[in-house]
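These figures come from a predicted structure and were not determined experimentally. Just follow the structure's listing: the first ligand is 1, and inside any ligand the first atom is 1. Every heavy atom of this structure was used, including side-chain atoms; hydrogens, water molecules and symmetry mates were not.
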Amino acid sequence: MSTDRTDHRLAIVGAGVMGTNIAALAVGHGVPVVLVDIADDVLAAARKTISRKLRHAQLMGSLPTDRPQGELVTSRSLRDVADATTVIEAVPELSATKAEVLTEVSRTVRPGTVLISNTSCIPVDEMAAWVARPDELVGVHFMNPAYLITMVEIIRGSGTSDPTMEAVTVLLTALGRKGLVVRDAPGFVINRLLHPLINSAAMLVADGVASVEVVDGLLEGCLGHSTGPLRTADLIGIDNLVDSLNVLYERTGDERCRPCDLMLEKVKEGSLGRKSGRGFYDYDRGV
Ligand code: NAD
């Protein structure tokens, strides 16, 4: 682990919904970030998104005002994670993709570099098989938007070491986040509860029991859910939800986790939620 606990240099792999969220959080807390993705146009869009998120975070008063922003560097090369003190993997919820990225990252970084996966559902112990030093791997499930929600779910794998748990706590404190630690399991706590709820909400709409607005309105008005499950689905990304539900279904056999036809259709037609401008609701692109 880095001996200087204030010297945080973050690399984030994957510049999508969560990579840009976590980059905005880190840069806004004065931590330099190298953000890696596979295509220049994705990285160009990510830089704009991060600027917008930083303005939003400032408006919401959720960033410290006593320090300059961290530097943001974007790259298409995984080799550029080599100098990081912590690498956060935020690529799609597909085992093959995460395996490829984590294997390469693990080969590239120095021993002592914390490897965080922002996994939604894939257990940390499965990912441990893909890295050289499983003791340095830990799951941190940042919430969306990461720069507004201060609580994170920390997943300790069976091989995660005490020094890794300490290092991740130091980093999260520097980022103004608090974490609660859970044992490793498919979907952990949050998504074992949230994803079947969203899937069930979509099924109620498909069955004609209630409209999208009524399902969300009831969950908001009666149960105090902050946005409703279907607006949450749009924020997450319906493609990511389907991938995550597949991970849950394959590992638990729980029928409530089999992605419903309505969500599969939305993914097929490219209605992915906020990121595509349309999901269960319509959005102005870029807002
Ligand atoms: P996303 O699809 O928005 O972004 C993924 C990014 O990874 C894309 O930009 C893609 O180009 C990039 N990528 C793919 N293969 C790559 C590779 N080999 N090297 C570098 N970059 C690569 O996905 P997301 O919603 O940001 O999800 C990322 C992770 O975070 C997933 O594990 C997801 O389950 C988890 N997560 C998502 C949310 C959410 O609200 N969307 C919340 C918490 C956790």
Side-chain angles (χ1 to χ4, degrees), residues 11-25 34-50 53 74-81 87-108 115-124 126-127 130 137 139-149 151-155 177 179 186-195 198 226-227 229-248 257 259 263 267 270 272-277 279:
I12 301 173
V13 185
V17 171
M18 287 313 289
T20 55
N21 261 305
I22 301 165
L25 169 70
V34 174
L35 180 62
V36 180
D37 207 297
I38 47 182
D40 284 331
D41 59 332
V42 176
L43 289 167
R47 282 193 293 270
K48 284 191 193 152
T49 304
I50 291 165
K53 287 179 191 292
T74 54
S75 169
R76 277 175 37 210
S77 172
L78 266 185
R79 285 191 299 277
D80 288 334
V81 309
V87 180
I88 302 182
E89 169 277 304
V91 299
E93 194 73 10
L94 300 167
S95 291
T97 311
K98 285 200 189 293
E100 190 189 317
V101 165
L102 283 169
T103 302
E104 192 57 35
V105 166
S106 176
R107 274 196 203 121
T108 306
L115 296 189
I116 289 177
S117 173
N118 190 48
T119 169
S120 286
C121 292
I122 299 174
V124 171
E126 287 184 29
M127 294 186 281
W130 308 326
L137 179 70
V140 177
H141 183 202
F142 286 91
M143 299 294 117
N144 178 6
Y147 55 90
L148 292 184
I149 302 178
M151 182 65 81
V152 302
E153 185 180 27
I154 302 176
I155 305 104
R177 305 300 94 173
F188 327 115
V189 170
I190 295 288
N191 287 337
R192 193 69 178 270
L193 295 169
L194 178 64
H195 284 14
I198 292 174
S226 60
T227 56
L230 298 170
R231 209 178 286 284
T232 304
D234 281 355
L235 183 68
I236 292 171
I238 300 171
D239 51 345
N240 174 245
L241 269 168
V242 165
D243 290 342
S244 297
L245 281 162
N246 277 326
V247 169
L248 282 175
C257 297
M263 289 217 282
V267 172
L272 307 180
R274 275 181 178 272
K275 63 179 163 187
S276 69

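Interatomic distance, CD1 of I155 versus NE2 of H141, reported as 7.0 Å (0.5 Å rounding). The structure places CG of L35 at 11.5 Å from CG of D80, a figure rounded to the nearest 0.5 Å.
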Does M143 form a side chain to side chain contact (heavy atoms under 4.5 Å, CB included) with M151? I'd like the steps, not just the answer. CA-CA 7 Å; M143 299 294 117; M151 182 65 81; 5.7 Å; no
Quick check for students: name every N or O atom pair between ligand 1 and the protein closer than 3.5 Å, with distances.
{"unit_1": "ligand 1", "atom_1": "3 (O)", "unit_2": "V17", "atom_2": "N", "d": "2.9"}
{"unit_1": "ligand 1", "atom_1": "3 (O)", "unit_2": "K275", "atom_2": "NZ", "d": "3.4"}
{"unit_1": "ligand 1", "atom_1": "9 (O)", "unit_2": "D37", "atom_2": "OD2", "d": "2.6"}
{"unit_1": "ligand 1", "atom_1": "11 (O)", "unit_2": "D37", "atom_2": "OD1", "d": "2.7"}
{"unit_1": "ligand 1", "atom_1": "11 (O)", "unit_2": "D37", "atom_2": "OD2", "d": "3.4"}
{"unit_1": "ligand 1", "atom_1": "26 (O)", "unit_2": "V17", "atom_2": "N", "d": "3.2"}
{"unit_1": "ligand 1", "atom_1": "26 (O)", "unit_2": "M18", "atom_2": "N", "d": "2.7"}
{"unit_1": "ligand 1", "atom_1": "30 (O)", "unit_2": "N118", "atom_2": "O", "d": "3.4"}
{"unit_1": "ligand 1", "atom_1": "30 (O)", "unit_2": "N118", "atom_2": "ND2", "d": "3.1"}
{"unit_1": "ligand 1", "atom_1": "32 (O)", "unit_2": "V91", "atom_2": "O", "d": "3.3"}
{"unit_1": "ligand 1", "atom_1": "32 (O)", "unit_2": "E93", "atom_2": "OE1", "d": "2.5"}
{"unit_1": "ligand 1", "atom_1": "32 (O)", "unit_2": "K98", "atom_2": "NZ", "d": "2.7"}
{"unit_1": "ligand 1", "atom_1": "34 (O)", "unit_2": "E93", "atom_2": "OE1", "d": "2.8"}
{"unit_1": "ligand 1", "atom_1": "34 (O)", "unit_2": "S120", "atom_2": "OG", "d": "2.5"}
{"unit_1": "ligand 1", "atom_1": "34 (O)", "unit_2": "N240", "atom_2": "ND2", "d": "2.9"}
{"unit_1": "ligand 1", "atom_1": "36 (N)", "unit_2": "S120", "atom_2": "OG", "d": "3.2"}
{"unit_1": "ligand 1", "atom_1": "40 (O)", "unit_2": "N144", "atom_2": "ND2", "d": "2.9"}
{"unit_1": "ligand 1", "atom_1": "41 (N)", "unit_2": "I236", "atom_2": "O", "d": "2.8"}

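Under 4.0 Å is where a charged nitrogen must lie from a carboxylate oxygen, and between D37 and R76 no such pair does.
Side-chain atoms of E93 do not come within 3.5 Å of backbone N or O of N240 as any donor-acceptor pair.
R79 and T108 share no side-chain donor-acceptor pair at under 3.5 Å.
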